[in-house]
Amino acid sequence: IKEKISAAISVNLGLNSNKYRSLSLILLILIALVIRIIAAQNAGMIAKDGIKYLQMAEHFSRGELDKGLAEDFHPLYPLLISPIYPLFSEAERAGQFVSVILGTLTLIPVYFLGLKIFNFPTAVIASLLFACHPYLVRTSAEVLSEATYIFFYATTIALGWQALTSKKICYYFLDLALSLINFQSK
């Protein structure tokens with residue numbers, strides 16, 4: 001009965017339209033982005049780990065891979081910061097930029113999972129909760145590897161689901177590759 005009601009609502013409101021779904025996803029991404037930008041602008045003092053990540057990123061941006069890898073921290077987050085490191089006047093902003101972007105883009109696999117496992121309304125509600133969740137917003141505004149880890153983690157779950165439902169070998173390998181990459185983030 002629940003599925004019939006949900007289907008009837010979707011048909012009556014035109015929610016099955018790909019155009020409507022695409023616009024909804026874009027709007028959700030914009031909401032998440034704006035919230036995270038505001039949080040980044042109002043972020044407090046940088047964490048100790050953030051300082052190390054920025055030092056590693058500085059080494060990587062100079063081509064000093066040995067110095068960057070000499071630290072006891074996983075290198076993925078600083079490697080993502082390093083190409084844009086010289087573009088920012090403050091190193092902290094470069095780290096926040098990567099966190100904000102990856103924190104925002106995590107909404108895409110969350111939306112995809114909600115849509116594929118449940119339905120369109122569930123995908124929108126889950127994505128909206130993700131976009132506004134205080135902890136997730138805060139981690140996306142700081143110079144820490146959490147947003148990177150959560151992005152790759154959610155993406156590997158979404159790809160795993162796609163691999164299981166489609167039974168295409170390419171999704172299994174892509175999921176494995178992203179899992180191995182994510183290991184370098186936390």
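If you read the sequence from its start, that first residue is 1, and numbering goes on from there.
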Using distance only, find each side-chain donor-acceptor pair of residues 152-165 under 3.5 Å and give its atom names and separation, not counting sequence neighbours.
unit_1: T155; atom_1: OG1; unit_2: F151; atom_2: O; d: 2.7
unit_1: T156; atom_1: OG1; unit_2: F152; atom_2: O; d: 3.2
unit_1: T156; atom_1: OG1; unit_2: Y153; atom_2: O; d: 2.7
unit_1: T165; atom_1: OG1; unit_2: W161; atom_2: O; d: 3.0
unit_1: T165; atom_1: OG1; unit_2: Q162; atom_2: O; d: 3.3

Chi angles and distances behind the side chain to side chain contact (heavy atoms under 4.5 Å, CB included) call for L136, R36: CA-CA 9 Å; L136 296 171; R36 280 156 176 75; 4.1 Å; yes
Let's go through F97 and L87 carefully: what are the C-alpha distance in whole Å and the side-chain angles of both, what is the deciding distance for side chain to side chain contact (heavy atoms under 4.5 Å, CB included) to 0.1 Å, and is it a yes or a no? CA-CA 11 Å; F97 178 81; L87 302 176; over 6 Å; no
Between [X] and [Y], which heavy-atom pair has the shortest distance, and what is it?
X    : Y    : result
A91  : L54  : O-CD2, 3.4 Å
S185 : T148 : CB-CG2, 3.9 Å
P75  : Q184 : CD-OE1, 3.2 Å
A141 : A43  : O-CB, 3.9 Å
S82  : S61  : O-CB, 3.4 Å
A131 : L107 : CB-CD1, 3.8 Å

Can you check whether [Y]'s main-chain N or O pairs, donor with acceptor, with [X]'s side chain at less than 3.5 Å?
X    : Y    : value
H74  : L76  : no
T106 : L102 : yes
N182 : L178 : no

Is there a side chain to side chain contact (heavy atoms under 4.5 Å, CB included) between C132 and I35? Walk through the geometry before answering. CA-CA 7 Å; C132 300; I35 291 171; 3.7 Å; yes
Atom pair [atom1] ([X]) and [atom2] ([Y]), whose distance is rounded to the nearest 0.5 Å:
X    : Y    : atom1 : atom2 : result
E71  : Q55  : CD    : CD    : 6.5 Å
I38  : L33  : CD1   : CG    : 9.5 Å
I150 : S99  : CD1   : OG    : 10.0 Å
L174 : I181 : CG    : CD1   : 8.5 Å

Do [X] and [Y] belong to the same hydrophobic cluster, where Ile, Leu, Val, Met, Phe, Trp and Tyr are linked whenever their side-chain heavy atoms lie under 4.5 Å apart, directly or via other members?
X    : Y    : value
Y135 : F130 : yes
I51  : F88  : yes
V110 : I117 : yes
M56  : F183 : no
L105 : L23  : no

Mind checking whether [X] and [Y] have side chains closer than 4.5 Å, heavy atoms only?
X    : Y    : result
P78  : Y85  : no
Y172 : L176 : no
D49  : V143 : no
I125 : L128 : no
Y111 : R21  : yes
L144 : T139 : no

Exercise: do T122 and N119 side chains pair donor with acceptor under 3.5 Å: yes
Does a side chain donor of either S145 or Y53 reach within less than 3.5 Å of an acceptor in the other side chain? yes
Kindly indicate, with the supporting measurements, whether the criterion salt bridge (Lys or Arg N to Asp or Glu O under 4.0 Å) is fulfilled by K186 and E146. CA-CA 8 Å; K186 194 121 179 92; E146 275 74 4; 2.8 Å; yes
Residues V124, L25; criterion side chain to side chain contact (heavy atoms under 4.5 Å, CB included); working and verdict: CA-CA 8 Å; V124 170; L25 179 59; over 6 Å; no
Tell me whether the count of non-hydrogen atoms from other residues, nucleotides or ligands lying under 6.0 Å of CZ in F173 goes above 12. no
Validation row, ring centre Y77 to ring centre Y149 under 6.0 Å: no
